[in-house]
Amino acid sequence: MISKESMETNPCNETVYHGFSVPAKVSRTTKSDATVVNINGVEVGGSGIVIIAGPCAVESHEQLFETARAVKMGGARVLRGGAFKPRSSPYNFQGLGEEGLKLLGQIRNDTGIPVVTEVMDTRQVELVADYADMLQIGSRNMQNYPLLKEAGLCRKPILLKRGMMATIEEFLLAAEYILNQGNDQVILCERGIRTFETSTRNTLDLSAVPMLKRLSHLPVIVDPSHGTGLRWMVPAMSKAAIAVGADGLIMEVHYKPDEALCDGYQSLSLEEFARLMTDLTKIAQAIGRDIL
Ligand code: PEP
Ligand code: MN
């Protein structure tokens with residue numbers, strides 16, 4: 001017979017955290033109220049849900065402008081677009097670099113929408129911070145501690161994407177390392193992890209959302225584009241992400257997805273984005289929240 005005592009001491013029955021401690025600075029235990037990150041006037045982590053949308057990479061003025069205008073009209077509050085691009089193969093298009101940053105700055109001024117873009121190297125932090133309202137640290141750099149440190153020092157909000165092989169504990173340790181620099185404006189982003197499954201680009205770990213929200217006071221958003229790698233699946237996973245409590249979404253949208261230089265197969269068209277926003281509003285309302 002299985003005794004109550006042996007059940008209670010069986011590690012499989014542990015309900016919380018399986019032996020890791022949550023780093024103090026990011027822990028809900030240390031700070032019970034949610035941190036609200038302010039991206040140049042757009043608040044993430046409050047009751048409203050924030051949609052970040054735009055192309056994977058900045059390609060041209062026309063591409064960025066047409067996409068920015070449409071996603072803003074559709075309800076996105078922040079524009080995404082990579083100027084420096086990490087790629088699965090180093091021989092793929094790596095972005096326009098500083099020229100891309102200038103286009104982001106220009107479109108931000110023309111449309112009034114704040115922008116987030118990735119920084120890949122400590123030497124680029126100052127330059128990227130000159131143009132961006134929020135700096136993104138990508139999955140491949142989540143444990144690049146010198147970069148986390150430098151980005152944390154620049155005093156812009158940081159969007160930290162979960163490493164594709166990172167545990168929740170490692171993710172929170174990386175976030176804490178940014179907070180250690182005196183910058184508490186950090187948003188956590190679940191973007192899918194590598195598993196044995198190959199039918200999707202990554203396995204979108206939506207259970208990370210309630211887990212991170214429980215363990216940490218930092219806002220949590222989801223990237224259904226890299227999380228699935230499949231345009232047709234993005235709407236379903238976006239709705240699910242809102243339903244499990246995400247504070248926002250970051251998704252790839254392109255004015256001509258089939259001609260995109262980067263990740264077109266997982267980018268929504270402008271029409272698909274507009275349609276999805278209508279559905280997301282309903283899901284948000286069903287759980288007592290609004291899309292900002
Ligand atoms: C991106 O968001 O542009 C990106 C490259 O994502 P990730 O770092 O999650 O792969
Ligand atoms: Mn991409």
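Counting starts at 1 for both ligands and their atoms, in listed order. It should be emphasised that the depicted structure is a prediction, and the values quoted were computed from it without experimental measurement. Both backbone and side-chain heavy atoms feed into the values below; hydrogens, waters and symmetry mates do not.
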Where Lys239 and Ile283 come nearest, the two heavy atoms and their spacing: O-CG2, 3.7 Å
Distance, nearest 0.5 Å, that separates CE of Met142 from NZ of Lys161: 13.0 Å
Lys/Arg N to Asp/Glu carboxylate O, Asp263 vs Lys85, below 4.0 Å: no
salt_bridge(Asp130, Lys102) N-O dist < 4.0 Å: no
Arg108, Gln63, His61 screened by side chain to side chain contact (heavy atoms under 4.5 Å, CB included) with Leu103, the one that passes: His61
Value rounded to 0.5 Å, distance of CG in Leu188 from CD1 in Ile158: 12.0 Å
Qualifying residues under side chain to side chain donor-acceptor pair (under 3.5 Å), relative to Ser199, sequence neighbours excluded: Glu197
Joint hydrophobic cluster, Leu218 plus Leu135, side-chain heavy atoms closer than 4.5 Å: yes
Under 4.0 Å from ligand 1 - residues by heavy atom, chain and number: Arg80, Lys85, Pro86, Glu118, Gln136, Gly138, Ser139, Arg140, Lys161, Arg191, His226
Environment of the Mn ion (ligand 2) in terms of protein N/O/S atoms, cut-off under 2.8 Å: Cys56 SG, His226 NE2, Glu252 OE2, Asp263 OD2
With sequence neighbours excluded, residues passing side chain to side chain donor-acceptor pair (under 3.5 Å) with Glu170: Thr167
